[in-house]
Amino acid sequence: MEDAPRWTRVTVEALFELPFNDLLHRAQTVHRLHFDANAVQLSTLLSIKTGGCPEDCAYCPQSARYRTGVENEPLLPLETVLAAARAAKRNGATRFCMGAAWRGPKQKDLEQVAQRVRAVKALGLETCATLGLLREGQAEELKAAGLDYYNHNLDTAPEFYGEIITTRTYGDRLDTLERVRRAGIKVCCGGIVGMGESRAQRAGLIAGLATLDPQPESVPINDLVQVKGTPLESAPKLDWSEFVRTIACARITMPRSTVRLSAGRAEMPEAVQALCFLAGANSIFYGDKLLTTGNPEAARDRALLEKLGIRPA
Ligand code: SAM
Ligand code: DTB
Ligand code: SF4
């Protein structure tokens with residue numbers, strides 16, 4: 001985008017510092033330039049390979065290093081995945097996202113995932129996968145199977161990253177994102193807030209996302225789900241207003257991206273979710289479960305959207 005400003009931590013921090021109403025007004029104005037303000041996209045998640053992950057992401061219930069009660073399970077059979085995808089479609093989701101607790105897929109894993117992607121795509125759903133780091137050639141295989149989106153998050157600001165993950169670097173993540181981009185798969189890339197980072201570091205996350213070139217098509221913003229047994233089980237909870245501000249900053253800095261109000265909705269009051277939509281969020285995870293933790297029940301989400309006059313898309 002030739003006219004896009006180059007966002008930095010400092011310029012994003014200045015957005016965070018605006019009075020709340022000014023920030024929301026600006027975000028809603030930008031939102032209306034590019035999107036229908038009364039439509040929200042629905043993505044359903046399924047953990048196709050749960051637990052036992054060798055990585056040490058401090059937020060994650062699926063790391064084998066923490067005792068969180070999540071068991072290590074094998075890859076779900078094709079039929080199980082298809083049944084979940086059919087149910088997601090029946091309930092109104094338009095995208096089906098498959099997550100695997102791997103550092104990255106081995107060749108045999110990739111073939112099995114490709115088979116599942118093909119089958120889900122054939123149902124007429126958009127497909128998304130999040131499988132960890134990709135090696136050369138793997139993104140092309142996923143693309144050939146019909147993968148529309150690949151989710152791989154920056155997670156946090158480069159300067160806070162080392163406090164959260166030591167087994168893979170921020171640079172490793174950029175390499176995977178580049179492979180996804182080159183293969184012609186749409187990029188879904190966001191992060192988590194509420195991990196004890198400072199506001200400057202939240203601004204650093206948003207600046208990192210906004211300076212990806214091209215910007216990600218989809219930007220999930222997760223509010224940390226504190227899981228007992230993880231190192232972040234008692235991180236200081238982010239105030240709701242700061243979460244809404246983060247959504248607004250994502251919207252302003254990535255005007256054409258779909259911003260997803262992601263993890264953390266199970267405990268988020270409806271009024272705060274409504275403010276997130278006002279701040280420019282236009283996608284949610286829809287379905288009773290995220291990967292291993294809870295999400296609002298689908299019927300409750302339908303009622304919330306109806307109450308707000310928002311069309312599921
Ligand atoms: N293993 C793959 C990877 O890390 O790339 C894919 C699955 S991983 C669970 C996908 C994303 O989920 C993470 O990058 C992180 O942003 C998010 N996530 C994981 N645990 C979370 C939690 N407790 N709260 C909020 N977001 C979380
Ligand atoms: C993303 O950014 N959030 C989703 C999805 N990408 C894969 C995952 C949220 C996981 C929350 C914790 C859990 O349910 O295990
Ligand atoms: Fe593994 Fe992904 Fe969890 Fe990190 S976020 S521990 S890579 S499943």
Side-chain angles (χ1 to χ4, degrees), residues 43-66 68-73 75 95-105 109 113 128-134 138 149-156 161 164-170 172-177 179-180 187-197 205 208-209 216 218-235 237-238 243 246 250 258-268 281 283-296:
S43 290
T44 294
L45 266 176
L46 178 68
S47 180
I48 60 169
K49 158 68 190 81
T50 304
C53 185
E55 303 297 283
D56 70 351
C57 313
Y59 49 75
C60 189
Q62 302 198 70
S63 167
R65 298 167 193 241
Y66 318 131
T68 62
V70 172
E71 299 291 329
N72 183 1
E73 287 165 27
L75 184 67
R95 191 177 309 158
F96 190 69
C97 180
M98 293 167 267
W102 290 320
R103 172 175 166 81
D109 299 329
V113 173
C128 176
T130 180
L131 317 170
L133 299 174
L134 295 181
Q138 292 190 316
Y149 289 82
Y150 193 82
N151 166 246
H152 197 59
N153 292 337
L154 292 182
D155 273 351
T156 192
Y161 186 92
I164 303 297
I165 302 149
T166 69
T167 50
R168 60 172 63 168
T169 67
Y170 191 84
D172 291 336
R173 288 182 184 261
L174 294 176
D175 290 346
T176 287
L177 290 168
R179 289 180 179 140
V180 170
V187 171
C188 174
C189 182
I192 318 180
V193 292
M195 300 195 293
E197 74 286 341
L205 163 66
L209 295 168
S218 166
V219 181
I221 303 293
N222 298 280
D223 193 9
L224 175 71
V225 180
Q226 299 180 338
V227 178
K228 206 160 173 296
T230 62
L232 294 178
E233 66 176 9
S234 44
K237 198 78 193 115
L238 200 64
F243 185 77
T246 309
T258 298
V259 175
R260 183 171 309 109
L261 165 55
S262 301
R265 285 198 308 117
E267 287 170 19
M268 199 178 283
S283 172
I284 54 172
F285 284 125
Y286 171 68
D288 305 351
K289 211 169 163 196
L290 292 168
L291 293 174
T292 66
T293 67
N295 198 41

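Numbering of ligands and ligand atoms starts at 1, following listing order. We're numbering straight along the sequence, starting at 1.
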Measure the shortest side-chain to side-chain distance between His152 and Val180 over non-hydrogen atoms and say whether it is less than 4.5 angstrom. no
Pairwise distance CD(Gln62) to OG1(Thr292) - rounded to 0.5 angstrom: 5.0 Å
Report the nearest protein non-hydrogen atom to atom 10 (C) of ligand 2: residue, atom name, distance rounded to 0.1 Å. Leu291 CD1, 4.1 Å
A student checking ligand 1 against Thr130 at a 4.0 Å heavy-atom cut-off should list atoms 6 (C), 7 (C)
Mind checking whether Leu131 and Arg103 have side chains closer than 4.5 Å, heavy atoms only? no
Minimum heavy-atom distance between Ile164 and Leu232, given as atom pair plus value: CD1-CD1, 4.2 Å
Glu71 side chain to Gly51 main-chain N or O, any donor-acceptor pair under 3.5 Å? no
Got an N, O or S from Cys53 under 2.8 Å of atom 4 (Fe) of ligand 3? no
Heavy-atom distance to atom 14 (O) of ligand 1: which of Leu134, Asp155, Thr156 wins? Asp155
Residue portion contacting ligand 3 (non-hydrogen atoms closer than 4.0 Å) for Arg103: neither
Per-atom contacts of ligand 1 with Arg168, taking only distances under 4.0 Å to non-hydrogen atoms: 3 (C), 4 (O), 5 (O)
Does even one non-hydrogen atom of Phe285 get within less than 4.0 Å of ligand 2? yes
Going by side-chain contact (heavy atoms from CB on, under 4.5 Å), Cys189 matches just one of Leu154, Leu174, Val219. Which one? Leu154
Check: Ser47 and Glu73 side chains under 4.5 Å, non-hydrogen atoms: no
Side-chain contact, heavy-atom cut-off 4.5 Å: Thr230 with Ser63? no
Structural part of Cys188 in contact with ligand 2, heavy atom criterion under 4.0 angstrom: neither
If we only consider heavy atoms of Gly191, is any one of them less than 4.0 Å away from an atom in ligand 1? no
With rounding to the nearest 0.5 Å, note down the distance linking CZ in Arg95 to OH in Tyr286. 15.5 Å
Is Ala100 touching ligand 1 with its side chain, its backbone, both, or neither, if touching means heavy atoms under 4.0 Å apart? backbone
Considering heavy atoms of the protein only, find what lies nearest to atom 4 (Fe) of ligand 3 and give residue, atom and distance to 0.1 Å. Cys57 SG, 2.3 Å
Smallest separation among heavy atoms of Leu45 and Leu291, with atom names: CD2-CD2, 4.0 Å
Indicate yes or no for a side-chain donor-acceptor contact from Asp56 to the backbone of Thr166 under 3.5 Å, with no hydrogens or angles considered. yes
Going by the order shown, which atoms of ligand 1 are within less than 4.0 Å of some heavy atom of Gly132? 2 (C), 3 (C), 5 (O)
Counting from 1 in the order shown, the ligand 2 atoms closer than 4.0 Å to a non-hydrogen atom of Pro220 are 2 (O)
Taking 4.0 angstrom as the limit and counting only heavy atoms of Trp102, give me the atoms of ligand 1 inside it, by number and element. 1 (N)
So is Pro61 polar-close to ligand 2, meaning N/O to N/O under 3.5 Å? no
Closest protein heavy atom to atom 12 (C) of ligand 2, given as residue, atom name and distance to 0.1 Å: Thr293 OG1, 3.6 Å
To the nearest 0.1 Å, how far is atom 3 (N) of ligand 2 from its closest protein heavy atom, and which atom is that? Asn222 OD1, 3.0 Å
His152: numbered ligand 1 atoms lying under 4.0 Å from its heavy atoms: 5 (O)
For residues Tyr161 and Arg173, is any side-chain donor paired with an opposing acceptor at under 3.5 Å? yes
min-distance protein heavy atom vs atom 27 (C) of ligand 1 -> Ile192 CD1, 3.8 Å
Protein heavy atom at shortest distance from atom 21 (C) of ligand 1: Tyr59 CD1, 3.7 Å
Numbered atoms of ligand 3 (with element) below 4.0 Å of Ala101, judged on heavy atoms: 8 (S)
With a 4.0 Å heavy-atom cut-off (strictly under), which part of Leu45 contacts ligand 2: side chain, backbone, both or neither? side chain
Can an N or O of Asn153 be found at a distance shorter than 3.5 Å from an N or O of ligand 2? yes
Side-chain donor-acceptor pair present, Asn222, Tyr59, cut-off under 3.5 Å: no
Checking Arg260 side chain against Ile221 main chain: does a donor-acceptor pair fall under 3.5 Å? no
List the closest protein heavy-atom neighbour of atom 6 (N) of ligand 2: residue, atom name, distance to the nearest 0.1 Å. Asn151 OD1, 3.1 Å
Can you name the atoms of ligand 3, numbered from 1 with element, that are less than 4.0 Å from a heavy atom of Arg168? 7 (S)
Which atoms form the tightest heavy-atom contact between Leu134 and Thr176, and what is the distance? N-OG1, 3.1 Å
Ligand 2 versus Thr130: contacting region, heavy-atom distance under 4.0 Å: side chain
Under 4.0 Å from atom 5 (O) of ligand 1, can you find at least one protein heavy atom? yes
For the residue pair Gly194 and Ala235, what are the closest heavy atoms and their distance? O-CB, 3.8 Å
Asn295 side chain to Gly287 backbone, donor-acceptor under 3.5 Å: yes
Protein non-hydrogen atom found under 4.0 Å from atom 2 (Fe) of ligand 3: no
Write out the residue and atom name of the closest protein heavy atom to atom 12 (O) of ligand 1, then the distance separating them to 0.1 Å. Asn153 ND2, 4.5 Å
When you measure from atom 24 (N) of ligand 1 to every protein heavy atom, which one gives the shortest distance, and what is it? Val225 N, 3.0 Å
Taking atom 9 (C) of ligand 1 as the reference point, the nearest protein heavy atom with its distance: Leu291 CD1, 3.5 Å
Considering all heavy atoms of both residues, which atom of Gln226 and which atom of Ser234 are nearest to each other, and what is their separation? NE2-C, 4.3 Å
Taking distance alone, with N or O pairs closer than 3.5 Å, would you say Thr292 contacts ligand 2? yes
